[in-house]
Amino acid sequence: MLNVGLIGLGKMGKYHLNLYSDIRDVKLMGICDANAEVVNELASKVGVNGYTNYKEMFPYVDAITIAAPTRFHYEIAKECLLAGKHLLVEKPITTNYDQAKELFDIALSKNLVLHIGHVERFNGAVQEIRKITENPRFVESKRVAQFNPNFKADSIVLDLMIHDIDIILNLVNSPVKSIQAMGSKVYTELADFASVNIAFENNTVANLFVSRMSQIKERYMTVCEQDALYKLDFTTQDINIYRQGQTQQTISDKELRYKNEFIQERLFVYKENPLKSEIMHFINCVTGKTKRTVTVEHDLASLNVALKTDELLRNGTFGSIDL
């Protein structure tokens, strides 16, 4: 039985808390938050010990999930690692590349598991598209939703676009050559929408669009290869495949008509709760049942691209950088 603890009881922390009861061979030993009222309420509800000082949990736990605000991740994660605790840290692990590398170095030196909580990696459709793509030439992603004042201080890159950056870098599997970013402020002092182009060394190009000023919520990605197009819906976890597309023109006396034909396939996707799958993968890595699916080098590369993109948007409405 693996004894675990949870630090941070905000929106994501509560998601983690709700899932622990469904995970076998794991015992939640304590929860922690700076808000004593929230701690007491939830600790009483789920029947575990509550803390406002996370260090008091150390004697009772082997592994910890950190779902505190990002600005506290580095300090908390470093203390936990030095205390010998395996860690699952919600994305982004930090907002500083050198700090993130330091945390991974500490984990390696102490033979500890340190995972970043990229929950979309465990979306069933993402798992499948990684199996079927061979040589992506162009990737396009769109992740938009209505404005939520609760997240007005958050970067749309580090909060939203980082998911797509992580997935695309894993699909393309080639070093990033350059980044172009355009965005603008609407509701907040940060960019509220952004369009980003990423060029890779193998000449693949990705276009990513993210917005928190849409009136509808959409989350999808298309991957174009030479003979196929894959469209992935993150919300429904569906994948549609399009092949042998043809366009025909018909000219009459009064108008020009177009007819588009293609072969469409719908791929079966096993749909599981992505967050539960993520926690299970972390637990299985800690207990030695499996190995991490993504390397530390990839984790750091994804963070670096996200931080560079965020920096470009913070410095103006348009920017580009060569890596």
Side-chain angles (χ1 to χ4, degrees), residues 91 118-146 156-157 159-174 176 179-183 193-200 202-249 257-278 293-294 298 301-302 305-306 309:
K91 60 80 188 163
H118 286 290
V119 68
E120 289 284 34
R121 288 178 183 171
F122 297 88
N123 185 301
V126 174
Q127 296 279 306
E128 290 300 323
I129 205 165
R130 288 177 59 187
K131 299 175 185 177
I132 62 177
T133 53
E134 297 179 357
N135 187 24
R137 306 311 304 161
F138 176 69
V139 184
E140 184 176 36
S141 69
K142 185 177 183 180
R143 189 174 294 263
V144 302
Q146 302 90 341
I156 57 171
V157 174
D159 181 43
L160 298 174
M161 187 180 284
I162 193 170
H163 289 296
D164 303 310
I165 290 172
D166 178 73
I167 293 166
I168 291 170
L169 262 61
N170 203 22
L171 285 176
V172 176
N173 196 28
S174 174
V176 172
I179 305 169
Q180 291 183 324
M182 292 184 291
F193 69 89
S195 178
V196 174
N197 284 285
I198 300 177
F200 294 85
N202 68 352
N203 294 323
T204 299
V205 174
N207 178 261
L208 302 84
F209 182 75
V210 65
S211 169
R212 57 184 173 197
M213 55 169 290
S214 175
Q215 299 305 311
I216 59 174
K217 185 174 182 178
E218 291 182 289
R219 297 183 175 186
Y220 68 81
M221 180 178 291
T222 58
V223 181
C224 296
E225 295 191 313
Q226 183 171 344
D227 298 313
L229 181 147
Y230 311 100
K231 186 167 184 179
L232 179 161
D233 189 312
F234 290 101
T235 304
T236 63
Q237 300 189 48
D238 290 325
I239 296 178
N240 287 315
I241 304 173
Y242 302 88
R243 305 182 192 275
Q244 299 182 24
Q246 296 181 353
T247 300
Q248 298 179 351
Q249 298 179 2
R257 294 182 178 181
Y258 293 92
K259 183 179 181 181
N260 188 23
E261 295 181 339
F262 49 80
I263 296 174
Q264 180 177 351
E265 308 167 23
R266 186 165 183 173
L267 188 69
F268 173 79
V269 176
Y270 178 74
K271 300 176 182 180
E272 178 63 275
N273 183 319
L275 183 58
K276 182 179 179 181
S277 297
E278 177 184 76
T293 57
V294 173
H298 174 82
S302 294
V305 171
T309 303

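Keep in mind the model is a prediction, meaning the values are calculated, not measured.
- Here the closest non-hydrogen pair linking R130 and T293 is NH2-O, 4.0 Å.
- Side-chain N or O atoms of E225 include one that pairs as donor or acceptor with a backbone N or O of N135 at under 3.5 Å.
- Counting only distance, with no hydrogens or angles, the side chain of Q237 and the backbone of G124 share a donor-acceptor pair below 3.5 Å.
- Between Y230 atom OH and I241 atom CD1 the span is 6.0 Å, to the nearest 0.5 Å.
- Here the CD atom belonging to E120 is positioned 11.0 Å from the CG atom belonging to L275, to the nearest 0.5 angstrom.
- Counting all heavy atoms, side chain and backbone alike, I216 lies closest to Q146 at CA-NE2, 4.0 Å.
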Checking side chain to side chain donor-acceptor pair (under 3.5 Å) for the pair H298/D166: CA distance, chi angles, key distance, verdict? CA-CA 8 Å; H298 174 82; D166 178 73; 3.1 Å; yes
Test side-chain contact (heavy atoms from CB on, under 4.5 Å) on L208 and I165; report intermediate values, then the result. CA-CA 8 Å; L208 302 84; I165 290 172; 3.8 Å; yes
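- With rounding to the nearest 0.5 angstrom, the CE atom of M221 is 4.5 Å from the CD1 atom of I167.
- Of the options D238, I129, I132, a side chain to side chain contact (heavy atoms under 4.5 Å, CB included) to L267 is made by I132 and by none of the others.
- Within the 4.5 Å cutoff, side-chain heavy atoms of V176 are placed close to those of L169.
- When all heavy atoms of H163 and V119 are compared, the closest pair comes out as CE1-CG1, 4.0 Å.
- Between the OG1 atom of T133 and the CG atom of L171 there is a distance of 4.5 Å, given to the nearest 0.5 Å.
- For K91 (side chain) and D159 (main-chain N/O), a donor-acceptor pair under 3.5 Å exists by modelled atom type.
- At distances below 3.5 Å, not a single donor-acceptor pair connects side-chain atoms of S214 with backbone N or O atoms of V144.
- To the nearest 0.5 angstrom, F193 atom CZ is 11.5 Å from M161 atom CE.
- D164 pairs in a side chain to side chain donor-acceptor pair (under 3.5 Å) with only one of the listed residues (R143, R219, K142), which is R143.
- Here the shortest heavy-atom pairing between F234 and N123 reads O-ND2, 2.8 Å.
- Stacking of K231 on the aromatic ring of Y220 is recorded, both the 6.0 Å distance cut-off and the 45° axial limit being met.
- Between T204 and S174, the closest side-chain pair of non-hydrogen atoms is not below 4.5 Å.
- Counting heavy atoms from C-beta on, the side chains of S195 and N207 come closer than 4.5 Å.
- Considering every non-hydrogen atom in both V196 and A181, the closest pair reads CG2-CB, 4.0 Å.
- Residue I179 holds its CD1 atom at 5.5 Å from CD1 of I198, rounded to the nearest 0.5 Å.
- Between E272 and S277, the closest heavy-atom pair is CG-OG, 3.2 Å.
- In this structure, Q127 contributes its side chain and R121 its backbone to a donor-acceptor pair below 3.5 Å.
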